[in-house]
Each structure stands twice: as structure tokens, then as C-alpha cells.
Amino acid sequence: MSSNPVAETVASLMPRAQAELTELVAFKSVADFDQFPKSESEAAARWVADALTAEGFQDVALLDTPDGTQSVYGYLPGPAGAKTVLLYAHYDVQPPLDEAGWTTPPFELTERDGRWYGRGAADCKGGLLMHLLALRALKANGGIPVHVKFIAEGSEEQGTGGLERYAEAHPGLLDANAIVIGDAGNFRTGLPTVTATLRGMTMLRVQVDTLEGNLHSGQFGGAAPDALSALIRVLDSLRAKDGTTTIDGLTPDASWDGLQYDEEQFRKDAKVLDGVDLIGDGTVADRIWARPAVTVLGIDCPPVVGATPSVQASARALVSLRVPPGIDTDEATKLLQAHLETHTPWGARVSTERIGHGQPFSADTTSPAYAAMADAMAVAYPGQEMQYAGQGGSIPLCNTLAALYPHAEILLIGLSEPEAQIHAVNESVSPQELERLSVAEALFLRNYAAS
């Protein structure tokens, strides 16, 4: 990185950032209170609120959102007549999954091989630190040239919509000229990237019932309808032989025209086992950014250990559908529900319940904010030009903000590049990416103020 005062300040702040991220990662702030104590999320929220207060933010508040979680808000006034920029990240995290699969404890930030490991290190507690570092660097180098609104969500990973509903009920709260969502990531480490599109998401809980109770498989098996088998068959109908998502009425053949994802690099990033094929057709970018993708997230059925020789009376699954831009999530949900009902065999009773959803998002990359970010990234990443990529994941809040504030320019950056392995075991963040993106965000704020 070429020497400049902002970059030098961020570099000097990195030890403090590591210490703070260590504190943040230690909170088991999973917003599923059936699995993790609500007190852990509340403590993480208070940490963020205290950090904002220490930076001079006004009106710092813990917002009780309709889904039972808290978002943290603060306002930092800039010069009179300045533009307003909203900085977003979330402090809630995914469950650690199999803790035995972690090389080091998931809630202890651990430095290893040049990266910092821990649940939420990249997604998205690192994003909170990115915002703080950018603001601190500007304060040390002439001041912050814009009004800053800061919002840290407490339930993004659950998709329960608490902050979206709160924002809709308080439409002036998050209004801004530009919004920086710190929950995306570079296409690869060292390649500055803004995310231009996000797939939407819907989640359905599906239950199949066939009998009043379980039956002995020797006495009744072969004629009695097995609910687990019926569920397996209907779930299998959601994909073609090559793995392409096949939901009746949903088009699976859109294409992506921008930055492409090399197939061998994708296999490496996804850690696909030797000899195992990728699924679907078209380019990798087509499949992960431009097309719908269904995933069975979980199945409730007897575990292998302790299973009895029984015909199952009931079984259920949690199904996720990623919805690309150009398709309405509500319509896609109806098509998925209809498909599940149509393809459930043997007249079995099937019911579905939507438990989470969000619309897809497309940014206006021709807006002045993108020019300001491109110039900033060129300084933070010398010799590299800012790239535009899609992201297969969902950030439902983006569409809520776009609807509430159609004048706002929305940019998505962040620390979730492929090596970060977000949502998986051994999640990590590159401290070099944290440093460079913090510099880029600081310079963006300065560029945008002058645009």
C-alpha cells in the first residue's frame, strides 16, 4: 500500500483492532435463543454501543426490534451542510456448527498462518471494526467530512427481519445519501470488489405426515406409507440429475455477464473433494449469482444411532431457496410451495411454513458513490482496479433500505472473501484485508464528501 497518512494511521491501529475483535468474537451472539443465551447477544450489543459512545457518537441507542433482538444505532455529526452516510454491519453470527471441527475454539480469536480465526471474525464483527478503523483514521487526519449514521444489526443471520420492520416503522432513522453495507467481500484476497447484486432468500419448513404413529417395519413395511421416504422423494424432485434446481415455474437458465469465476478456482475455494462433480450447468458465475438455488438445510428424522425398525409416521425438513435478481421472492415462495405439494407422493399430507425471506438486490453502479469508491480502492490496493461481482447470499435489509430511500446510493463491501469460509468451521479474516478495506472506506468517505 502506498504511504499516505490515512494508511499509516490504520496500520498503527491494527493491534488495537485485533484486541477489540478478540473481545467481540468472544460473545456467543447467535440470535437463536433456543440454542444460545440471549444474554450473549445483549452483551455484544452493549459492546458496540459503548464503542460508538467512545468515538463521540450521539443518540446511541439499543433498538428493540420486533423479532426480539437488538440493533445498535448511533449518529456522529459532521460539518454543516455535509452529506450523510449510513454504515451497516451486524454483530450476530452463525452457530459454530461442529466445534470439534474447529482447529481452535470458535469463540476465541486465534492468529494462525497470517489470519485471525473465530466465528464472526469476517462475518460480520470484522465489518464493525472496519467501520471503526475508517472513522478513527479520518478523525486523526483532518476529521470526518460527512455526517455518519451507524447501525449494527442483531439478527441478520436468522433472516427474521427485525431491523427491516423497525426501519419501516421509523422511516427517517436510517435515511442517508449513501449507505455502505459492510457485509460482503472481495472476489478474492487482494482484489478490491464491490458486490453489485445479491440473491434473495426464502426458507420453508416442510412437514410430511402419513400415519397416526410409527409402525413396526417388519409387520407393516412394504404397504404402509413411510413419511421419511415420501419426504426424501419430494426433496429429490427439487433438483435435476445434474443438480440444477428444478422448481416448477421457476426459470433456471439466466446468465451472468460480469466478472467470471474460474471453475478450478471455485473447486479450490469450495474445497470440493477430488472426483466429485460440481452441480448445475452454465458458468460458475451463472450458477451462484444469476440463478435460483435450492438447498436442504436440515431434516428431522431418527438418527442412525438408536434408530428402531419402524415405518416413520412424520418427517420434516428445512429448505432454503436463493432467488436471483429479476425474480420476486414472494412469487418464488409460492412456486416452491406448490412444487412441494404437487410432488409429494402417495397422497401424503404435506404442509409448509415460511420462516424467513428477503428480496434480491441490484445496485446502481453508475452512481457517484461508486466512482468515489473506485478511486479509494485504487489507493488502498495499488495497481488493482475495482471489480464488480455478484454474491449468492442474501442481505434482506438492502431492499428495505432501497425502498425506503430510493435516492440513496448503496455500496456493498466487506471481509467475506473465499478464504474466510464464513458460515463454515474455521472461519477467519485476513488482517491485511481488514487494513486495506478500512483505508478504502476512509478515503471513500473523504472522496464522497467532495463529490
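Index from 1, following the sequence. Since the model is a prediction, treat every value here as computed from it, not as a measurement.
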request  = Output yes when a side-chain donor or acceptor of K28 lies under 3.5 Å from a complementary backbone atom of P37, and no otherwise.
outcome  = no

ask   = At their closest point, which heavy atom of V48 faces which heavy atom of A152, and how far apart are they?
value = CG1-CB, 3.9 Å

ask   = Any sub-3.5 Å donor-acceptor pair from E108's side-chain atoms to P106's backbone N or O?
value = no

ask   = Do the side-chain N and O atoms of Q94 and E427 include a donor-acceptor pair separated by under 3.5 angstrom?
value = no

query = For V294, does its backbone N or O pair with a side-chain atom of T245 as donor and acceptor, under 3.5 Å?
reply = yes

query = Among pairs that include at least one residue of residues 123-137, which meet salt bridge (Lys or Arg N to Asp or Glu O under 4.0 Å), considering only residues two or more places apart or in two chains?
reply = E20-R136, E55-R136

request  = Check step by step if side-chain hydrogen bond (donor to acceptor under 3.5 Å, both in side chains) holds for T9 and N141.
outcome  = CA-CA 8 Å; T9 300; N141 291 278; 2.9 Å; yes

task = Go through the side-chain N and O atoms of S367 and E409 and say whether any donor and acceptor fall under 3.5 Å apart.
result = yes

ask   = Is there a donor-acceptor pair closer than 3.5 Å between any side-chain N or O of T193 and the backbone N or O of F187?
value = yes

ask   = Is a side-chain donor or acceptor of R267 paired with a backbone partner of L273 at a separation under 3.5 angstrom?
value = yes

note = Closest non-hydrogen contact found for T195 with A184 is OG1-CB, 3.3 Å

ask   = Between D286 and W256, is there a donor-acceptor pair closer than 3.5 Å when you use the side chain of the first and the backbone of the second?
value = yes

message = Distance alone, cut at 3.5 Å: any donor-acceptor contact between the side chains of D328 and Q359?
response = yes

message = Ignoring hydrogens, what is the shortest heavy-atom contact between R287 and I279? Give both atom names and the distance.
response = NH1-O, 2.8 Å

request  = Using distance alone, with no hydrogens and no angle criterion, decide if N177 and Y448 have a side-chain donor and acceptor under 3.5 Å apart.
outcome  = no

ask   = Will you find, in the side chains of Q432 and S430, an N or O donor that is under 3.5 Å from an N or O acceptor?
value = yes

query = Is it true that a side-chain atom of R446 and a backbone atom of P145 form a donor plus acceptor pair closer than 3.5 Å?
reply = no

inquiry  = Please check this pair: side chain of N426 against backbone of Y117, looking for a donor-acceptor N/O pair closer than 3.5 Å.
reply    = no

key: Exam field: side chain R291 to backbone A254, donor-acceptor pair closer than 3.5 Å   = yes

message = Any side-chain to backbone donor/acceptor pair from H131 onto Y88? Under 3.5 Å, distance only.
response = yes

